[in-house]
Amino acid sequence: PFSKVKKMIKDLISQLMQESTQEIEHKGWCDAELATNKLTRDAKTEDVEKLVAQVEDLTTQITQFSQDIAELSDAVQELSTAMAEANSDRAASKQKNEQTIEEAKAAQNAVTQATAVLKDFYAKSAQATALAQQTPSDDAPETFSAPYQGMLPEGGNIVSFLEVILSDFARLESETATSEAMEVDEHKKFIFESEKDKALKDTEIEHKTGSRTDKEGQLHSTKEELKITQEALDKAIAYYEKLEPTCVSSGVTYEERVRRREEEIQSLQEALQILAGTDLS
C-alpha cells in the first residue's frame with residue numbers, strides 16, 4: 001500500500017543527492033572563480049595605486065621642469081638685456097671719450113701754435129727793447145726801458161697761462177685715454193662673464209627641456225597603462241558582483257545547506273525504512 005509513497009521518498013532522496021552533487025560542483029567552481037577573481041582584483045588594485053602614484057610623481061616633475069625652464073629663460077633674457085644695455089653704454093662712452101680726446105688734442109695743437117706765435121712776438125719785442133735801450137732818445141717813454149711780456153692783470157704773463165692750459169688739456173687727454181682703456185677692460189670682462197653665464201643657462205634649459213619631453217612621454221604612456229589597468233579592475237569588480245549573489249551572499253552558508261540536506265536525506269531514509277518494515281509485517 002505504501003509503494004507510491006516509497007517511490008516518492010526515493011525520488012526525493014535521489015533529487016536531494018543530485019542537488020548535493022551539483023552544489024558540490026558549483027561550490028568548487030565558485031571557490032575557483034572567487035579565488036582567481038580576488039587575485040585579479042588585488043593585483044589590479046595594487047597596479048592602479050602604483051600607476052596613480054607614478055602619474056602624480058611625473059606630473060610634479062614636469063611642473064618643476066617647466067618652472068625651472070621659465071626661470072632660466074627669464075634669467076637669459078635679463079642677461080641679454082643687460083649685455084645690450086652694456087654695449088649701448090659702451091658705444092656712447094667710447095664716442096664721448098674719443099670726442100674728448102680729439103678735442104683735447106686739437107686744443108693742445110691750437111694752444112701750442114698760439115704760444116709759439118706769442119713767444120715769437122715777445123722775443124722780437126725783447127730785441128726791439130734792447131736796441132732802444134742802446135740808443136735811447138731824450139723823449140723816449142719809461143715803458144720802453146724793459147721788454148714787454150704780455151702781463152696779465154692778476155700777475156704772471158699770457159705765455160705762462162697758455163702753458164698751464166696746455167698742461168690741462170694734455171692731462172685731460174691722458175686721463176680720458178686711461179679711463180677709456182679701463183672701461184674697455186671692464187666691458188670685456190662683463191660681456192665674457194655674461195656670455196658664459198648665458199651659455200650655461202642655455203645648456204641647462206636645453207637639458208631640462210629634453211628631460212621634460214621624456215617625462216611627458218612617460219606620463220602619456222603611464223596614463224594609457226593606468227586606463228587599461230583601471231578598466232581591467234572595473235571588469236574584475238563587476239564580475240565579483242555577478243558572482244556574489246550565487247557564490248557569496250545567498251543567505252544561507254554552504255555548510256548550513258549541506259547539513260540541512262543531509263538531515264533531510266537521513267529523515268527520508270528513516271521514513272523509507274519504517275515504511276519498508278511495515279510492508280514486511
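Not measured: the values here are computed from a predicted model.
- Contact between Thr209 and Ile205 at its shortest, heavy atoms only, is OG1-O, 2.6 Å.
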- [ ] Mind running salt bridge (charged side-chain N to carboxylate O under 4.0 Å, His left out) on Glu102 and Lys105 for me, showing each step along the way?
- [x] CA-CA 5 Å; Glu102 183 179 351; Lys105 286 180 177 180; over 6 Å; no
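- Glu180 and Arg90 are joined by a salt bridge, as a carboxylate oxygen and a charged side-chain nitrogen come within less than 4.0 angstrom of each other.
- Of the possible polar contacts, none joining the Ser125 side chain to the Phe121 backbone as a donor-acceptor pair under 3.5 Å is found.
- Taking both residues in full, the closest heavy atoms of Phe65 and Lys215 are given as CE1-CG, 3.9 Å, listed atom of the first, atom of the second, then distance.
- Thr176 and Asn97 get closest at one heavy-atom pair: CG2-O, 3.5 Å.
- With a 4.5 Å cut-off on side-chain heavy atoms, Glu204 and Leu200 do not count as touching.
- No donor-acceptor pair under 3.5 Å is formed between the side chain of Ser174 and the backbone N or O of Ala170.
- Between Asp47 and Lys50 there is no salt bridge, since none of the side-chain N atoms of the basic residue sits less than 4.0 Å from a carboxylate O of the acidic one.
- In this structure, Ser73 OG and Lys208 NZ are separated by 11.5 Å, a value rounded to the nearest 0.5 Å.
- Side-chain atoms of Glu183 and Ser179 form a donor-acceptor pair, as typed in the model, at a separation below 3.5 Å.
- In summary, the side chains of Gln99 and Glu103 do present a donor paired with an acceptor at a separation below 3.5 Å, with no hydrogens or angles considered.
- In the hydrophobic clustering of ILVMFWY residues, with side-chain heavy atoms under 4.5 Å counting as a link, Val48 and Leu58 come out together.
- There is a path of hydrophobic side-chain contacts, each under 4.5 Å, that joins Leu219 to Val52.
- Around atom CD of Glu71, more than 12 heavy atoms belonging to other residues, nucleotides or ligands sit under 6.0 Å away.
- Rounded to the nearest 0.5 angstrom, Lys198 NZ and Gln77 CD are separated by 9.5 Å.
- A salt bridge does not link Asp185 with Lys189: none of the charged nitrogens is closer than 4.0 Å to a carboxylate oxygen.
- For Ser167 (side chain) and Glu163 (main-chain N/O), no donor-acceptor pair under 3.5 Å exists by modelled atom type.
- The backbone N or O of Met83 sits less than 3.5 Å from a side-chain atom of Asn87, completing a donor-acceptor pair.
- Side chain of Ser80 to main chain of Val76: a donor-acceptor pair is present (N/O by atom type, distance under 3.5 Å, no hydrogens or angles).
- Between the side chains of Gln218 and Asp214, no donor N or O sits under 3.5 Å from an acceptor N or O.
- Across every non-hydrogen atom of Leu51 and Leu226, the tightest pair is CD1-CA, 3.6 Å.
- Closest non-hydrogen pair, Lys201 versus Ala75, comes out as CE-CB, 3.5 Å.
- Here the side chains of Glu193 and Asp197 are not in contact, with every heavy-atom distance at 4.5 Å or above.
- Across all non-hydrogen atoms, the minimal contact from Thr40 to Ala236 is CG2-CB, 3.9 Å.
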